[in-house]
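Structure first, then comments.
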Amino acid sequence: MSLANALRSGSKDVVGKVADHLSPAVAKFAVCLQPVIADRAEGSYVWTTDGQKHLDMSGGIGVTSTGHCHPRVVKAIQEQAAKFIHAQQNVFTASVPQVALLDKLRDICPEQLTRFFFCNSGSEAVENAIKIARGHTKKQNIIAFENGFHGRTMGAMALTTSKTYYRANFGPLMPGVFIAPYPYCLHCKARQASPSGNDWYTVEPCMPGFRMNYNDRQCCNGPLEAVKWMLTQQSAPSETAAMIIEPILGEGGFLTPPPSYLRGLRELCTQHNILLIIDEVQSGVGRTGKWWGHEHMDGVDADIMTFAKGIGSGFPMAGVATREDTFDGIAAGQLGGTYGGSVLGAAAACATLDVIREEGLLENANERGAQLVKGLMQLQQQFPIIDVRGRGLMVAIEFGGTDGSLSAKYGTAAAITKAAVKRNMLLLSAGARETIRFLPALNVKAEEIDQALNILADCLEEVFGSEAQPATAVA
Ligand SMILES: Cc1ncc(COP(=O)(O)O)c(C=O)c1O
(Lines give C-alpha, C1' and ligand atoms only; values in the text may rest on other atoms or scores of the structure.)
Protein backbone atom coordinates (compact mmCIF):
# COMPACT_ATOMS: atom_id res chain seq x y z
CA MET A 1 0.00 0.00 0.00
CA SER A 2 1.26 3.50 -0.75
CA LEU A 3 2.20 5.68 2.21
CA ALA A 4 -0.60 8.13 1.37
CA ASN A 5 -3.21 5.35 1.27
CA ALA A 6 -1.90 3.89 4.53
CA LEU A 7 -2.21 7.34 6.11
CA ARG A 8 -5.76 7.73 4.81
CA SER A 9 -6.72 4.29 6.13
CA GLY A 10 -5.54 5.32 9.60
CA SER A 11 -2.74 2.72 9.79
CA LYS A 12 -0.92 3.19 13.09
CA ASP A 13 2.66 2.50 11.96
CA VAL A 14 2.58 4.60 8.79
CA VAL A 15 4.09 7.67 10.44
CA GLY A 16 7.20 5.73 11.36
CA LYS A 17 7.45 4.43 7.79
CA VAL A 18 7.19 7.97 6.43
CA ALA A 19 10.04 9.03 8.71
CA ASP A 20 12.10 6.12 7.31
CA HIS A 21 12.06 7.79 3.89
CA LEU A 22 12.98 11.28 5.06
CA SER A 23 16.40 12.69 5.84
CA PRO A 24 17.21 11.93 9.47
CA ALA A 25 19.44 15.03 9.47
CA VAL A 26 16.44 17.34 9.80
CA ALA A 27 15.76 17.67 13.53
CA LYS A 28 12.11 17.36 14.51
CA PHE A 29 11.83 19.68 17.49
CA ALA A 30 8.18 19.51 18.32
CA VAL A 31 7.57 15.83 17.84
CA CYS A 32 10.31 14.40 20.01
CA LEU A 33 7.85 12.09 21.76
CA GLN A 34 6.23 10.47 18.78
CA PRO A 35 6.21 11.30 15.09
CA VAL A 36 3.13 13.13 13.84
CA ILE A 37 1.97 14.39 10.48
CA ALA A 38 0.73 17.94 10.00
CA ASP A 39 -2.76 18.07 8.58
CA ARG A 40 -4.25 21.57 8.74
CA ALA A 41 -3.84 24.84 10.58
CA GLU A 42 -5.74 27.98 11.43
CA GLY A 43 -4.66 31.04 13.41
CA SER A 44 -2.62 29.89 16.40
CA TYR A 45 -3.61 26.22 16.13
CA VAL A 46 -2.34 23.22 14.20
CA TRP A 47 -4.08 19.85 13.76
CA THR A 48 -2.18 16.62 13.16
CA THR A 49 -3.56 13.52 11.39
CA ASP A 50 -3.97 11.75 14.72
CA GLY A 51 -6.74 14.26 15.47
CA GLN A 52 -4.75 16.26 18.02
CA LYS A 53 -5.03 20.05 18.19
CA HIS A 54 -1.85 21.93 19.14
CA LEU A 55 -1.35 25.50 20.35
CA ASP A 56 1.45 26.87 18.19
CA MET A 57 3.90 29.06 20.12
CA SER A 58 6.63 28.41 17.52
CA GLY A 59 4.91 30.14 14.60
CA GLY A 60 6.73 27.85 12.17
CA ILE A 61 9.97 29.35 13.58
CA GLY A 62 8.75 32.92 13.44
CA VAL A 63 7.12 32.66 10.02
CA THR A 64 3.36 32.68 10.47
CA SER A 65 3.16 36.39 11.23
CA THR A 66 -0.55 36.66 10.39
CA GLY A 67 -1.34 33.28 11.92
CA HIS A 68 -1.79 30.06 9.98
CA CYS A 69 -3.82 30.44 6.79
CA HIS A 70 -5.07 33.98 7.32
CA PRO A 71 -8.08 34.24 4.96
CA ARG A 72 -6.68 37.34 3.21
CA VAL A 73 -3.32 35.68 2.60
CA VAL A 74 -5.01 32.49 1.37
CA LYS A 75 -7.22 34.50 -0.99
CA ALA A 76 -4.26 36.48 -2.36
CA ILE A 77 -2.34 33.28 -3.11
CA GLN A 78 -5.37 31.55 -4.64
CA GLU A 79 -6.25 34.48 -6.88
CA GLN A 80 -2.66 34.95 -7.97
CA ALA A 81 -2.25 31.21 -8.68
CA ALA A 82 -5.18 31.39 -11.06
CA LYS A 83 -3.55 34.29 -12.93
CA PHE A 84 0.20 33.67 -13.13
CA ILE A 85 2.32 31.20 -11.14
CA HIS A 86 5.82 31.81 -12.47
CA ALA A 87 6.78 35.18 -13.93
CA GLN A 88 10.52 34.58 -14.13
CA GLN A 89 12.54 37.55 -12.89
CA ASN A 90 15.12 37.43 -15.69
CA VAL A 91 12.40 37.61 -18.30
CA PHE A 92 10.25 40.51 -17.03
CA THR A 93 11.08 43.82 -15.38
CA ALA A 94 8.72 42.85 -12.60
CA SER A 95 5.32 41.28 -12.00
CA VAL A 96 2.17 43.11 -10.91
CA PRO A 97 2.36 41.78 -7.31
CA GLN A 98 6.05 42.75 -7.19
CA VAL A 99 5.21 46.31 -8.18
CA ALA A 100 2.68 46.49 -5.34
CA LEU A 101 5.19 44.93 -2.97
CA LEU A 102 7.83 47.54 -3.86
CA ASP A 103 5.41 50.28 -2.82
CA LYS A 104 4.60 48.57 0.45
CA LEU A 105 8.25 47.86 1.27
CA ARG A 106 9.27 51.44 0.51
CA ASP A 107 6.62 52.53 3.03
CA ILE A 108 7.97 50.41 5.85
CA CYS A 109 11.70 50.09 5.19
CA PRO A 110 14.23 52.58 6.56
CA GLU A 111 14.26 55.41 4.03
CA GLN A 112 17.85 54.93 2.92
CA LEU A 113 17.02 51.40 1.66
CA THR A 114 15.53 51.96 -1.75
CA ARG A 115 16.69 49.00 -3.86
CA PHE A 116 15.39 45.44 -3.50
CA PHE A 117 16.53 42.01 -4.60
CA PHE A 118 14.03 39.19 -4.07
CA CYS A 119 14.75 35.54 -3.36
CA ASN A 120 13.17 32.58 -1.54
CA SER A 121 14.71 32.03 1.88
CA GLY A 122 16.64 33.71 4.64
CA SER A 123 19.83 31.85 3.76
CA GLU A 124 19.56 32.94 0.16
CA ALA A 125 19.04 36.54 1.27
CA VAL A 126 22.19 36.33 3.40
CA GLU A 127 24.21 34.74 0.57
CA ASN A 128 23.19 37.55 -1.74
CA ALA A 129 23.84 40.25 0.85
CA ILE A 130 27.41 38.94 1.13
CA LYS A 131 27.82 38.86 -2.64
CA ILE A 132 26.50 42.43 -2.90
CA ALA A 133 28.86 43.63 -0.15
CA ARG A 134 31.88 41.96 -1.69
CA GLY A 135 30.94 42.96 -5.22
CA HIS A 136 30.35 46.58 -4.27
CA THR A 137 33.35 47.15 -2.02
CA LYS A 138 35.73 44.83 -3.91
CA LYS A 139 36.83 43.68 -0.45
CA GLN A 140 36.55 40.11 0.86
CA ASN A 141 36.34 39.82 4.62
CA ILE A 142 33.11 39.61 6.54
CA ILE A 143 32.81 40.14 10.29
CA ALA A 144 29.99 38.13 11.88
CA PHE A 145 29.11 37.76 15.55
CA GLU A 146 29.12 35.06 18.23
CA ASN A 147 25.87 33.17 18.73
CA GLY A 148 24.63 34.36 15.34
CA PHE A 149 22.52 32.27 13.02
CA HIS A 150 22.41 33.29 9.36
CA GLY A 151 21.41 30.07 7.62
CA ARG A 152 22.52 26.65 6.48
CA THR A 153 23.92 27.21 2.97
CA MET A 154 27.70 27.19 2.56
CA GLY A 155 28.26 30.94 2.91
CA ALA A 156 25.58 31.60 5.53
CA MET A 157 26.76 28.58 7.52
CA ALA A 158 30.26 30.07 7.74
CA LEU A 159 28.72 33.12 9.44
CA THR A 160 26.74 30.97 11.89
CA THR A 161 28.15 30.23 15.35
CA SER A 162 25.07 29.64 17.51
CA LYS A 163 25.93 25.92 17.72
CA THR A 164 28.81 23.86 16.45
CA TYR A 165 26.63 21.20 14.83
CA TYR A 166 25.42 23.59 12.14
CA ARG A 167 28.97 23.47 10.73
CA ALA A 168 30.53 20.24 12.02
CA ASN A 169 32.19 18.15 9.28
CA PHE A 170 30.88 20.41 6.52
CA GLY A 171 34.10 22.36 6.05
CA PRO A 172 36.19 23.81 4.68
CA LEU A 173 34.06 26.83 5.41
CA MET A 174 33.92 29.99 3.30
CA PRO A 175 37.17 31.85 4.01
CA GLY A 176 37.42 35.51 4.99
CA VAL A 177 35.01 35.27 7.93
CA PHE A 178 35.92 36.68 11.35
CA ILE A 179 33.76 36.18 14.42
CA ALA A 180 33.46 39.05 16.91
CA PRO A 181 31.74 39.02 20.32
CA TYR A 182 28.01 39.68 20.66
CA PRO A 183 27.15 41.17 24.08
CA TYR A 184 25.54 38.66 26.43
CA CYS A 185 25.08 40.94 29.43
CA LEU A 186 23.61 38.22 31.62
CA HIS A 187 26.84 36.21 31.43
CA CYS A 188 29.23 39.15 31.09
CA LYS A 189 32.09 38.81 33.58
CA ALA A 190 32.49 42.62 33.78
CA ARG A 191 28.85 42.96 34.80
CA GLN A 192 29.15 40.18 37.34
CA ALA A 193 32.22 41.81 38.89
CA SER A 194 30.68 45.29 38.98
CA PRO A 195 29.13 46.47 42.28
CA SER A 196 26.04 47.58 40.36
CA GLY A 197 26.15 44.47 38.17
CA ASN A 198 22.79 43.12 39.15
CA ASP A 199 21.08 46.29 38.00
CA TRP A 200 22.07 45.39 34.48
CA TYR A 201 20.59 42.00 34.63
CA THR A 202 17.43 42.71 36.54
CA VAL A 203 16.28 45.45 34.17
CA GLU A 204 13.04 44.35 32.65
CA PRO A 205 12.57 43.80 28.95
CA CYS A 206 11.34 46.64 26.82
CA MET A 207 7.63 46.28 27.37
CA PRO A 208 5.05 48.96 28.04
CA GLY A 209 4.60 49.43 31.74
CA PHE A 210 7.98 48.11 32.79
CA ARG A 211 10.46 50.12 34.81
CA MET A 212 13.36 50.30 32.44
CA ASN A 213 14.00 49.38 28.85
CA TYR A 214 16.92 48.06 26.89
CA ASN A 215 17.89 51.53 25.79
CA ASP A 216 18.88 52.27 29.36
CA ARG A 217 21.17 49.26 29.58
CA GLN A 218 24.80 50.10 29.96
CA CYS A 219 27.52 48.09 28.30
CA CYS A 220 30.99 47.36 29.65
CA ASN A 221 32.14 48.13 26.08
CA GLY A 222 34.33 45.02 26.05
CA PRO A 223 32.68 43.59 22.92
CA LEU A 224 33.01 46.85 20.97
CA GLU A 225 36.66 47.16 22.00
CA ALA A 226 37.19 43.63 20.68
CA VAL A 227 35.76 44.60 17.29
CA LYS A 228 38.08 47.62 17.15
CA TRP A 229 41.06 45.37 17.87
CA MET A 230 39.82 42.89 15.30
CA LEU A 231 40.08 45.63 12.67
CA THR A 232 43.63 46.32 13.84
CA GLN A 233 44.86 42.78 14.30
CA GLN A 234 42.89 40.37 12.13
CA SER A 235 40.83 41.96 9.38
CA ALA A 236 42.11 45.33 8.16
CA PRO A 237 39.42 47.85 7.18
CA SER A 238 40.93 47.85 3.67
CA GLU A 239 40.08 44.12 3.45
CA THR A 240 36.73 44.16 5.29
CA ALA A 241 33.65 44.35 3.09
CA ALA A 242 30.93 44.12 5.73
CA MET A 243 29.77 43.32 9.21
CA ILE A 244 26.63 41.20 9.43
CA ILE A 245 24.60 41.18 12.61
CA GLU A 246 21.15 40.27 13.92
CA PRO A 247 19.75 43.26 15.85
CA ILE A 248 18.20 40.74 18.23
CA LEU A 249 19.70 37.26 18.11
CA GLY A 250 17.20 34.70 16.89
CA GLU A 251 18.33 31.09 17.03
CA GLY A 252 21.21 32.29 19.25
CA GLY A 253 18.84 32.97 22.17
CA PHE A 254 16.88 36.21 21.62
CA LEU A 255 19.59 38.44 23.05
CA THR A 256 19.24 42.18 22.61
CA PRO A 257 22.56 44.00 22.68
CA PRO A 258 22.83 47.33 24.47
CA PRO A 259 22.04 49.91 21.75
CA SER A 260 25.46 51.52 22.25
CA TYR A 261 27.00 48.35 20.79
CA LEU A 262 25.12 48.52 17.50
CA ARG A 263 25.65 52.27 17.35
CA GLY A 264 29.38 51.68 17.89
CA LEU A 265 29.45 49.16 15.05
CA ARG A 266 27.64 51.64 12.81
CA GLU A 267 30.26 54.28 13.61
CA LEU A 268 33.12 51.87 12.93
CA CYS A 269 31.57 50.88 9.60
CA THR A 270 31.11 54.49 8.54
CA GLN A 271 34.63 55.38 9.63
CA HIS A 272 36.22 52.51 7.71
CA ASN A 273 33.97 52.30 4.65
CA ILE A 274 32.60 48.92 5.70
CA LEU A 275 28.97 48.00 4.94
CA LEU A 276 26.66 47.20 7.85
CA ILE A 277 24.34 44.30 7.00
CA ILE A 278 21.44 43.94 9.41
CA ASP A 279 19.89 40.49 9.27
CA GLU A 280 16.18 40.96 10.02
CA VAL A 281 15.17 37.49 8.86
CA GLN A 282 13.81 36.53 12.29
CA SER A 283 13.37 39.91 13.99
CA GLY A 284 11.75 41.74 11.05
CA VAL A 285 8.23 42.29 9.69
CA GLY A 286 6.61 43.34 12.95
CA ARG A 287 7.90 40.50 15.11
CA THR A 288 9.26 42.88 17.75
CA GLY A 289 6.35 45.33 17.69
CA LYS A 290 8.07 47.59 15.17
CA TRP A 291 8.50 46.78 11.51
CA TRP A 292 12.22 46.04 11.98
CA GLY A 293 14.08 44.96 15.10
CA HIS A 294 16.86 47.51 14.69
CA GLU A 295 14.32 50.35 14.71
CA HIS A 296 14.24 50.00 18.50
CA MET A 297 17.73 51.50 18.57
CA ASP A 298 18.44 55.06 17.48
CA GLY A 299 21.37 55.75 15.20
CA VAL A 300 21.67 52.27 13.73
CA ASP A 301 21.18 52.58 9.98
CA ALA A 302 21.67 49.55 7.78
CA ASP A 303 23.49 49.69 4.45
CA ILE A 304 21.96 46.33 3.58
CA MET A 305 19.04 44.58 5.27
CA THR A 306 17.89 41.00 4.80
CA PHE A 307 14.31 39.84 5.39
CA ALA A 308 12.38 36.57 4.99
CA LYS A 309 10.25 34.42 7.34
CA GLY A 310 7.30 36.63 8.43
CA ILE A 311 7.07 38.54 5.14
CA GLY A 312 5.14 35.77 3.36
CA SER A 313 3.10 34.33 6.27
CA GLY A 314 4.60 30.96 5.36
CA PHE A 315 4.89 31.28 1.60
CA PRO A 316 8.62 31.21 0.71
CA MET A 317 9.63 34.81 0.12
CA ALA A 318 12.74 36.75 1.05
CA GLY A 319 14.80 39.68 0.00
CA VAL A 320 17.66 42.09 0.41
CA ALA A 321 17.12 45.84 0.70
CA THR A 322 20.04 48.15 0.01
CA ARG A 323 21.03 51.77 -0.33
CA GLU A 324 20.59 53.34 -3.75
CA ASP A 325 24.23 52.90 -4.84
CA THR A 326 25.02 49.52 -3.27
CA PHE A 327 24.61 47.63 -6.55
CA ASP A 328 27.24 49.83 -8.19
CA GLY A 329 30.09 47.59 -9.27
CA ILE A 330 27.89 44.50 -9.70
CA ALA A 331 27.06 43.63 -13.30
CA ALA A 332 23.69 42.51 -14.67
CA GLY A 333 23.55 38.72 -14.47
CA GLN A 334 25.70 38.44 -11.35
CA LEU A 335 22.64 37.96 -9.15
CA GLY A 336 19.48 36.05 -9.89
CA GLY A 337 17.78 32.71 -9.32
CA THR A 338 15.06 30.79 -11.14
CA TYR A 339 12.37 31.29 -8.53
CA GLY A 340 13.50 34.59 -6.97
CA GLY A 341 10.83 37.26 -6.66
CA SER A 342 8.06 34.72 -7.11
CA VAL A 343 4.68 36.22 -7.98
CA LEU A 344 2.92 34.00 -5.48
CA GLY A 345 5.41 35.03 -2.81
CA ALA A 346 4.95 38.70 -3.69
CA ALA A 347 1.15 38.32 -3.52
CA ALA A 348 1.45 36.60 -0.13
CA ALA A 349 3.81 39.34 1.08
CA CYS A 350 1.47 42.13 -0.03
CA ALA A 351 -1.45 40.52 1.78
CA THR A 352 0.71 39.93 4.86
CA LEU A 353 1.84 43.54 5.07
CA ASP A 354 -1.75 44.76 4.57
CA VAL A 355 -3.01 42.49 7.35
CA ILE A 356 -0.25 43.58 9.74
CA ARG A 357 -1.02 47.23 9.09
CA GLU A 358 -4.81 47.14 8.83
CA GLU A 359 -5.44 44.71 11.66
CA GLY A 360 -3.12 46.53 14.07
CA LEU A 361 -0.70 43.63 14.52
CA LEU A 362 2.24 45.79 15.60
CA GLU A 363 0.10 47.05 18.49
CA ASN A 364 -1.07 43.50 19.20
CA ALA A 365 2.54 42.26 19.22
CA ASN A 366 3.37 44.86 21.86
CA GLU A 367 0.28 44.20 23.98
CA ARG A 368 0.37 40.41 23.83
CA GLY A 369 4.14 40.52 24.27
CA ALA A 370 3.73 42.55 27.45
CA GLN A 371 1.11 40.07 28.67
CA LEU A 372 3.45 37.16 27.94
CA VAL A 373 6.42 38.82 29.64
CA LYS A 374 4.34 39.67 32.70
CA GLY A 375 3.17 36.06 33.01
CA LEU A 376 6.72 34.76 32.55
CA MET A 377 7.98 37.14 35.22
CA GLN A 378 5.38 35.72 37.59
CA LEU A 379 6.66 32.22 36.84
CA GLN A 380 10.16 33.54 37.53
CA GLN A 381 9.08 33.96 41.18
CA GLN A 382 8.61 30.19 41.40
CA PHE A 383 11.09 28.58 39.00
CA PRO A 384 14.80 29.00 38.16
CA ILE A 385 14.28 31.37 35.26
CA ILE A 386 17.26 33.75 35.26
CA ASP A 387 16.14 36.01 32.45
CA VAL A 388 12.92 37.01 30.74
CA ARG A 389 13.79 38.94 27.64
CA GLY A 390 12.55 40.10 24.30
CA ARG A 391 10.62 42.70 22.44
CA GLY A 392 7.11 42.44 21.07
CA LEU A 393 6.36 38.78 20.37
CA MET A 394 10.00 37.72 20.21
CA VAL A 395 10.24 36.60 23.82
CA ALA A 396 12.50 34.12 25.61
CA ILE A 397 13.26 32.75 29.05
CA GLU A 398 16.64 31.43 30.09
CA PHE A 399 17.00 28.90 32.87
CA GLY A 400 19.65 28.87 35.57
CA GLY A 401 20.75 26.00 37.78
CA THR A 402 18.49 24.85 40.61
CA ASP A 403 21.49 25.63 42.86
CA GLY A 404 21.20 29.34 42.01
CA SER A 405 24.01 29.26 39.44
CA LEU A 406 23.85 30.94 36.05
CA SER A 407 24.04 27.67 34.12
CA ALA A 408 21.13 25.27 33.97
CA LYS A 409 21.54 21.53 33.64
CA TYR A 410 22.09 20.50 30.01
CA GLY A 411 18.78 19.43 28.49
CA THR A 412 16.54 21.61 30.67
CA ALA A 413 15.09 23.50 27.69
CA ALA A 414 14.56 20.27 25.74
CA ALA A 415 12.76 18.75 28.72
CA ILE A 416 10.42 21.76 28.80
CA THR A 417 9.65 21.60 25.07
CA LYS A 418 8.97 17.86 25.46
CA ALA A 419 6.65 18.50 28.38
CA ALA A 420 4.88 21.12 26.25
CA VAL A 421 4.38 18.70 23.34
CA LYS A 422 2.76 16.24 25.75
CA ARG A 423 0.29 19.02 26.57
CA ASN A 424 -0.27 19.90 22.90
CA MET A 425 1.78 23.09 22.78
CA LEU A 426 4.49 23.62 20.14
CA LEU A 427 7.44 25.42 21.69
CA LEU A 428 11.05 25.90 20.61
CA SER A 429 14.33 26.13 22.43
CA ALA A 430 17.06 28.53 21.29
CA GLY A 431 20.80 28.95 21.55
CA ALA A 432 23.51 26.96 23.20
CA ARG A 433 22.33 27.79 26.72
CA GLU A 434 19.07 26.55 28.20
CA THR A 435 16.59 28.95 26.65
CA ILE A 436 12.99 28.65 25.45
CA ARG A 437 11.65 31.05 22.82
CA PHE A 438 8.12 32.13 22.04
CA LEU A 439 7.26 33.16 18.48
CA PRO A 440 3.47 33.15 18.32
CA ALA A 441 1.47 34.66 15.49
CA LEU A 442 1.39 38.45 15.65
CA ASN A 443 -2.41 38.23 15.89
CA VAL A 444 -2.34 35.79 18.81
CA LYS A 445 -5.24 36.37 21.19
CA ALA A 446 -5.03 37.23 24.89
CA GLU A 447 -6.70 33.94 25.84
CA GLU A 448 -4.16 32.00 23.75
CA ILE A 449 -1.28 33.67 25.60
CA ASP A 450 -3.00 32.79 28.91
CA GLN A 451 -3.40 29.23 27.70
CA ALA A 452 0.32 29.09 26.79
CA LEU A 453 1.31 30.43 30.22
CA ASN A 454 -0.88 27.88 31.98
CA ILE A 455 0.58 25.02 29.97
CA LEU A 456 4.10 26.32 30.58
CA ALA A 457 3.45 26.47 34.33
CA ASP A 458 2.48 22.77 34.26
CA CYS A 459 5.61 21.96 32.23
CA LEU A 460 7.85 23.80 34.70
CA GLU A 461 6.18 21.96 37.57
CA GLU A 462 6.80 18.63 35.84
CA VAL A 463 10.45 19.35 35.02
CA PHE A 464 11.56 21.11 38.21
CA GLY A 465 9.16 19.45 40.66
CA SER A 466 10.47 19.66 44.20
CA GLU A 467 13.65 21.40 43.00
CA ALA A 468 11.61 24.42 41.89
CA GLN A 469 12.93 27.65 43.29
CA PRO A 470 13.13 31.18 41.99
CA ALA A 471 16.34 32.51 40.52
CA THR A 472 16.66 35.27 43.10
CA ALA A 473 19.71 33.59 44.57
CA VAL A 474 21.68 34.33 41.40
CA ALA A 475 24.80 36.39 42.06
C1 LIG B 1 18.50 35.70 11.51
C2 LIG B 1 18.36 34.59 10.49
N3 LIG B 1 19.00 34.69 9.32
C4 LIG B 1 18.91 33.74 8.38
C5 LIG B 1 18.16 32.61 8.59
C6 LIG B 1 18.05 31.55 7.53
O7 LIG B 1 16.76 31.55 6.99
P8 LIG B 1 16.19 30.29 6.20
O9 LIG B 1 16.01 29.19 7.17
O10 LIG B 1 14.91 30.81 5.60
O11 LIG B 1 17.18 29.96 5.14
C12 LIG B 1 17.47 32.46 9.79
C13 LIG B 1 16.67 31.26 10.05
O14 LIG B 1 16.29 30.93 11.14
C15 LIG B 1 17.57 33.48 10.78
O16 LIG B 1 16.95 33.38 11.96
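Read the numbers this way: they start at 1 and go in the same order the structure lists the ligands and their atoms. Along the sequence shown, residues are numbered consecutively beginning with 1. Keep in mind the model is a prediction, meaning the values are calculated, not measured.
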Inset, instruction - Verify the distance criterion only: is there a donor paired with an acceptor across the side chains of Ser313 and Thr66 at less than 3.5 Å? - result: yes

Inset, instruction - Give the ring-plane orientation class for Phe307 versus Trp292, where under 30° counts as parallel, over 60° as perpendicular and anything between as tilted. - result: tilted

Inset, instruction - Show the protein residues that qualify under the rule heavy atom under 4.0 Å from an atom of ligand 1, listing them in chain and number order. - result: Ser121, Gly122, Ser123, Phe149, His150, Gly151, Glu246, Asp279, Val281, Gln282, Lys309

Inset, instruction - Begin from the C-alpha positions of Phe254 and Glu398 and carry the test side-chain contact (heavy atoms from CB on, under 4.5 Å) through to its verdict. - result: CA-CA 10 Å; Phe254 284 21; Glu398 182 173 331; over 6 Å; no

Would you tabulate the side-chain donor-acceptor contacts of residues 140-148 under 3.5 Å, counting partners in other chains and residues two or more places apart, or write 'none'?
| residue | atom | partner | partner atom | Å |
| --- | --- | --- | --- | --- |
| Asn141 | ND2 | Ser235 | OG | 3.0 |

Legend entry - Separation between CE of Met174 and CE of Met154, rounded to the nearest 0.5 Å: 10.0 Å

Legend entry - Min side-chain heavy-atom separation Asp303-Thr326 under 4.5 Å: no

